[in-house]
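Here the structure is laid out as structure tokens; the discussion comes afterwards.
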Amino acid sequence: MSELATKYNPAEVEDKWYAYWMEHGLFHSEPDNREPFCIVIPPPNVTGVLHMGHMLNNTIQDILVRRARMQGKNALWVPGTDHAAISTEAKVVAKLAQEGIQKTDLTREEFLTHAWDWTHKYGGIILSQLRKLGASCDWERTAFTMDEIRSKSVMRVFCDLYNRGLIYRGVRMVNWDPKALTALSDEEVIYKEEQSKLFYLRYMVEGEEGKYIVVATTRPETILGDTAVCVNPNDERYSWLKGKRVIVPMVGRSVPIIMDDYVEMEFGTGCLKVTPAHDVNDYMLGDKYGLETIDIFNDNGTISEAGGMYVGMDRFDVRKQIMVDLENAGLVEKVEDYVNKVGHSERTDAVIEPKLSMQWFVKMQDLAIPALEAVETDYIKFVPAKYKNTYRYWMTNIKDWCISRQLWWGHQIPAWYLPTGGYVVAETEEEALLKAIEKTGNPELTLSDLKRDPDCLDTWFSSWLWPISLFNGILDPENKDFKYYYPSTDLVTGPDIIFFWVARMIIAGYAFCNDKPFSNVYFTGIVRDKIGRKMSKSLGNSPDPLELIDKFGADGVRMGIMLAAPAGHDIMYDDSLCEQGRNFCNKIWNAFRLVKGWQVDYEKPQPEASAKGIEWFEAEMNRTLIEVEDLMGKFRISEALMAIYKLFWDEFSSWYLEVIKPAYGSPIDGKTFDKTLHFFDTLLRLLHPFMPFITEELWQHLTDRNCGESIMTARLPKAESYDEEAIARFDYLKEVIAGIRTVRKQKQIPQKDSLELLVKGPHNGSLDSILEKMGNLSDILSIEEKPAAAASFIVASTEYSIPVASNINVEEELKKLNSDLEYHEKFLASVRKKLSNEKFVANAPEKVVALEKKKESDAIEKIAAVKAAIQALSQA
RNA sequence: GGGCGAUUAGCUCAGCUGGUUUAGAGCGUCUGCCUUACAAGCAGAGGGUCUGCGGUUCGAAUCCGUAAUCGCCCACCA
């Protein structure tokens, strides 16, 4: 067809089709009688931009949802974004700082106005980027973790858990982020190995002139908060210290020696300084021995008044300075290099400070029980299954969840403090006031007397409700959508958020709906560059997905990323994969151009070769359909795609189309043409979930469809049983044709010169019509003796030869035949060795023995054929 | 310190309950071809002692043990 360019141009078709799908509401789903299929998107950060991880993740989701839709299910993919408390607040604070505005200069309301402005400006960019990828999300259902329904759901759940006694408030040692100025959950702390120093400091013993003990520490600045030194009671080196006190260096404070077997005698000097305010273990010791707690840090990591010295200096500056001062005072024994793990904030990368503070917590232990069981019994299936281990370990060692954050951007904790002390928890201000009046017995109380807790909730405290709250299942559990779509079908996400999100969603599912939130969890790998480094902004090794789409087309990129994404592995991404995807698009495009360019003659009889080719391809296609169905069921998506790729490229394009291709200038018969269009249609449907744009474009050219129809909603081809014999026969044929091609190549005989094929040995002639066409043969003759001037090759035990004008290179041919002979003789020997082993024959299953016998007889026949060929050649 | 996973062709990976596997695929490499669908292509070819060692078995890439290397997760040794 002349109107089709020789190359596929994605830019011309992608936006057109996306608009078409949207215009006809093809992504939208409403409950009906069909089986539901539902995916909820892992909500990206509202102000984020698309990166390669999203590309992978969302391509997989789109493939799954498009496939389900084409299987006739009522498929829904719900999109949305996450308010991403800390990271969004940090971005807004940074933006304000650029304008010379400090967060502390603003009221909460003013700050939130800025934050919402920011959200409206940048929010949703990422969702529009997903459209470029072809994501078939139901945009009418787009949600945000801070929209009305989701926010009210969070309030409801908080109150519910509080009323069930599962939320409490208390002073605990928490992970403090001195940059974001908020507490973090344990999961938000990332431990990194760092090269640091171990400082050995002298603590003078009180009342023992000149005597001192040496304490090893990595954080000398914290001596300002030391309130004891601890040794192991079994440590004889220090038994003399019992009941004594030591003087904290520089500070001059006298602190007790305590004895506890928590201290490892082997580590450092066996003496541990105890700073209850700034170390989790020290806190535990302080608690146990009633030690004083001196909080020497301000929230931003500088030294507080309580530190007494270096007040206002940053903790890291103090570390340097105090060592200089200690050195000058002769209180440093030595300094050693030391590698230790330092906790960093996941969001800001600031070094975490353990800090004692008042926070809100969720009791997790009981909530975890049904959630653990669901995964253990595969009621919720994890793919790959190895993540069950990770999940089990975390769930059985689950800690209480610190949910309060000292932020403004997020869901404000629904607790109101009373003027008389104490607090009430309620979903709304009005309700809070009523409760407050009831609790205080003071009917005069007004809202202005109550002070709402200023803290916000952890972002994940809203995302853990996502599969429920998207359908308003918290506020209105009887609604139609929720009853129809919940539980959702598949969740596609990265293993890095298995604790943050996946585990907690499962917990929430059972805590609030008494059922799982989804049936399958597919964990993708992490996208890395081709030398295995994680993609990151700072390394600059992450390509811009939108540029890739520009360059290779959305379908090309989708294919590229899927080819690289075997189940359960990280993805070694390389642009060349997208190139391969683009090339495949081009292949499909050109195959289509070929077929659509044919003149059709419905009067013309169907050539036998075409009839046979159709018979074979039907079998081959069904074989692949079955394979693809099986692979997709196991989430082996890249393997399924590869199977389709090979079906289209190798079998359909390279074999089938060549078999049925009419001679140049002559028309194709109607019967074959119609069948070929049918095959093409089937292939396009099979490909559509992976490559939505090109398949829609070609489907439009292929079918006389009405406006509003789409391949998106066409039925996926159903796998049917197939004729294995037909495939085997064709495989044999391929070998014979390959033999002919090799001869042509070696003898430099052009394809257009027809040849005679001589056959010595058994030959099934049922596909000879194809053989003649593909080999350009004038005749196929059965012979007894191979003529001297003929080039030959052997398939199975049959020797095929082609008379050639030029002399054949006897030496060359002999060499090749002899090496063939050697190979088969060795093979035969190994088979015979097995068969002559009595134990093998006695113990192996009959089937296996029979198989070996078949191998033996095949090899014998083959060897005979090769020997005959050698002999014939030698006599020549 | 505990656990999990990996190690198969130059690269990325299949190979599920041991037996048509002296091991497959895609990409890359090499050799021919601008053959009127496609050079983003066509037709071919080469490439591996399945990380090492030991064991179980008639039979091991596959199961067991062990060592090495790499990766990931978890953990309160300052």
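First the proteins, then the strands, lettered A, B, ... as listed; each starts at 1. Just so you know, these numbers use all the heavy atoms, side chains as well, and skip hydrogens, waters and symmetry mates.
Residue contacts shown for A/Lys752 are absent, as no nucleic acid heavy atom lies under 4.0 Å away. Here A/Tyr283 lies out of heavy-atom contact (under 4.0 Å) with every strand. At the heavy-atom level, A/Tyr823 lies under 4.0 Å from base atoms of the strands shown. Across all strands, A/Lys826 comes closer than 4.0 Å to base atoms (heavy-atom distances). Across all strands, A/Tyr664 comes closer than 4.0 Å to base atoms (heavy-atom distances). Here A/Asn837 lies in heavy-atom contact (under 4.0 Å) with sugar-phosphate atoms only. Nucleic acid contact for A/Ser654: sugar-phosphate only, since backbone atoms but no base atoms lie under 4.0 Å from a heavy atom of the residue. Among the protein residues, A/Ala564 comes within range of no part of the nucleic acid, since none of its heavy atoms lies under 4.0 Å from any strand. Across all strands shown, A/Ser830 has no heavy atoms under 4.0 Å from either base or sugar-phosphate atoms. At a threshold of 4.0 angstrom between heavy atoms, the contacts of A/Pro845 include nucleobase atoms, whether or not backbone atoms are also involved. Base contact: A/Val263 has a heavy atom under 4.0 Å from a base atom. Residue A/Tyr200 is classed as having no contact, given no heavy-atom separation below 4.0 Å to the nucleic acid. Among the protein residues, A/Ala842 comes within range of no part of the nucleic acid, since none of its heavy atoms lies under 4.0 Å from any strand.
Side-chain N/O atoms of A/Glu658 and base N/O atoms of B/A37 include a donor-acceptor pair closer than 3.5 Å. Between the base of B/U31 and the side chain of A/Lys745 there is a donor-acceptor pair shorter than 3.5 Å.
Spacing between atom CG of A/Leu285 and atom C1' of B/C76 amounts to 10 Å, rounded to whole angstrom units. Distance, A/Gln746 CD to B/C33 P: 15 Å, rounded to whole Å. A/Asp820 places its CG atom 17 Å from the P atom of B/U22, with the value rounded to the nearest Å. Atom pair A/Asn586:CG and B/C38:P shows a separation of 10 Å (rounding to whole Å applied). Protein atom CD of A/Gln580 is 5 Å distant from nucleotide atom P of B/C27, rounded to whole Å. A/Trp655 places its CH2 atom 13 Å from the P atom of B/C42, with the value rounded to the nearest Å. Following rounding to the nearest Å, A/Met642 (CE) and B/C27 (P) show an atom-to-atom distance of 7 Å. Protein atom CZ of A/Arg528 is 13 Å distant from nucleotide atom C1' of B/A6, rounded to whole Å.
Residue A/Lys273 places none of its side-chain N or O atoms closer than 4.0 Å to OP1 or OP2 of B/A78. The phosphate of B/C4 has neither OP1 nor OP2 within less than 4.0 Å of any side-chain N or O from A/Trp394. The phosphate of B/G41 has OP1 or OP2 within less than 4.0 Å of a side-chain N or O from A/Asn583. Dashed line: the shortest gap from a side-chain N or O of A/His569 to OP1 or OP2 of B/A14 is under 4.0 Å. Between A/Lys587 and B/C42, a side-chain N or O to OP1/OP2 separation shorter than 4.0 Å is present. At the phosphate of B/A40, neither OP1 nor OP2 sits under 4.0 Å from any side-chain N or O atom of A/Arg582. Phosphate proximity of B/C58 to A/Lys834: absent, as no side-chain N or O sits under 4.0 Å from OP1 or OP2. For B/G15, the OP1/OP2 oxygens have a side-chain nitrogen or oxygen of A/Arg636 closer than 4.0 Å. Taking only side-chain nitrogens and oxygens, A/Tyr191 never comes nearer than 4.0 Å to OP1 or OP2 of B/C72.
Between A/Tyr800 and A/Phe793, the ring planes are parallel. Angles under 30° get that label, and only those over 60° would be called perpendicular. Between A/Phe499 and A/Trp394, the two ring planes are parallel [angle under 30°; tilted spans 30° to 60°].
Side chain of A/Asp570 to backbone of A/Gly525: no donor-acceptor contact under 3.5 angstrom is found.
Taking each heavy atom of A/Pro354 and A/His278 in turn, the nearest pair found is CG-O, 3.6 Å.
One finds a salt bridge joining A/Glu651 and A/Lys734 here, because a Lys/Arg side-chain nitrogen approaches an Asp/Glu carboxylate oxygen to under 4.0 Å. Using a 4.0 Å cut-off between charged nitrogen and carboxylate oxygen, A/Glu846 and A/Lys853 do not count as a salt-bridge pair. Using a 4.0 Å cut-off between charged side-chain N and carboxylate O, A/Arg832 and A/Glu856 make a salt bridge. With respect to the salt-bridge test (charged N to carboxylate O, under 4.0 angstrom), the residues A/Lys399 and A/Asp186 do not qualify.
For the P atom pair drawn from B/G10 and B/C73, the interatomic distance equals 30 Å after rounding to whole Å. B/U66 and B/C11: their C1' atoms are spaced 30 Å apart (whole Å). B/U51 and B/U62: their P atoms are spaced 8 Å apart (whole Å). With both ends at atom P, the span from B/G18 to B/A78 equals 45 Å, rounded to whole Å. Look at the C1' atom in both B/G48 and B/C13: the space between them is 14 Å, to the nearest Å. The same atom, C1', is picked in B/U31 and in B/G46; the two are 10 Å apart, to the nearest Å. Taking atom C1' on both nucleotides, B/A60 is separated from B/G2 by 31 Å, rounded to a whole Å. Here, B/G3 and B/G65 have their P atoms 13 Å apart, quoted to the whole Å.
For A/Lys334 and A/Tyr200, the positive end sits near the middle of the six-membered ring, less than 6.0 Å away and at most 45° from its axis.
If you check B/G5, B/C76, B/G41 against the side chain of A/Lys386, the one that comes closest is B/G5. Ranking B/C27, B/C74, B/A75 by closeness to the A/Lys399 side chain, first place goes to B/A75. Considering only the side chain of A/Asn389, B/C4 comes nearest among B/A75, B/C27, B/C4. The side chain of A/Arg741 approaches B/A43 more closely than any other nucleotide in the set B/A43, B/C27, B/A14. Comparing B/C74, B/C58, B/G41 by their closest approach to the side chain of A/Asn843 singles out B/C58.
Summary of the strand contacts: A/Phe267 and A/Leu657 both lie near RNA chain B, and taking for each the nucleotide with the nearest heavy atom, the more 5' one is attributed to A/Leu657. Heavy-atom distances to RNA chain B give each of A/Asp650 and A/Lys734 a nearest nucleotide, and the one nearer the 5′ end belongs to A/Asp650.
Counting heavy atoms of neighbouring residues, nucleotides and ligands inside a 6.0 Å radius, atom CD of A/Glu725 does not exceed 12 of them.
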Got a list of side-chain donor-acceptor pairs under 3.5 Å for residues 575-585 of chain A, not counting sequence neighbours?
{"unit_1": "A/Asp575", "atom_1": "OD1", "unit_2": "A/Tyr573", "atom_2": "OH", "d": "2.7"}
{"unit_1": "A/Ser576", "atom_1": "OG", "unit_2": "A/Asp574", "atom_2": "OD2", "d": "2.8"}
{"unit_1": "A/Gln580", "atom_1": "NE2", "unit_2": "A/Tyr645", "atom_2": "OH", "d": "3.4"}

Under the rule of Watson-Crick or G-U wobble with both distances under 3.5 Å, where | means paired to another strand and [ ] a crossing pair, RNA chain B maps to (((((((..((((.....[....)))).(((((.......))))).....(((((..]....))))))))))))....
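With A/Phe592 as the partner, the ring pair (Phe, Tyr, Trp, His ring centres under 6.0 Å) test is satisfied by one option alone out of A/Trp598, A/Phe679, A/Phe680: A/Phe680.
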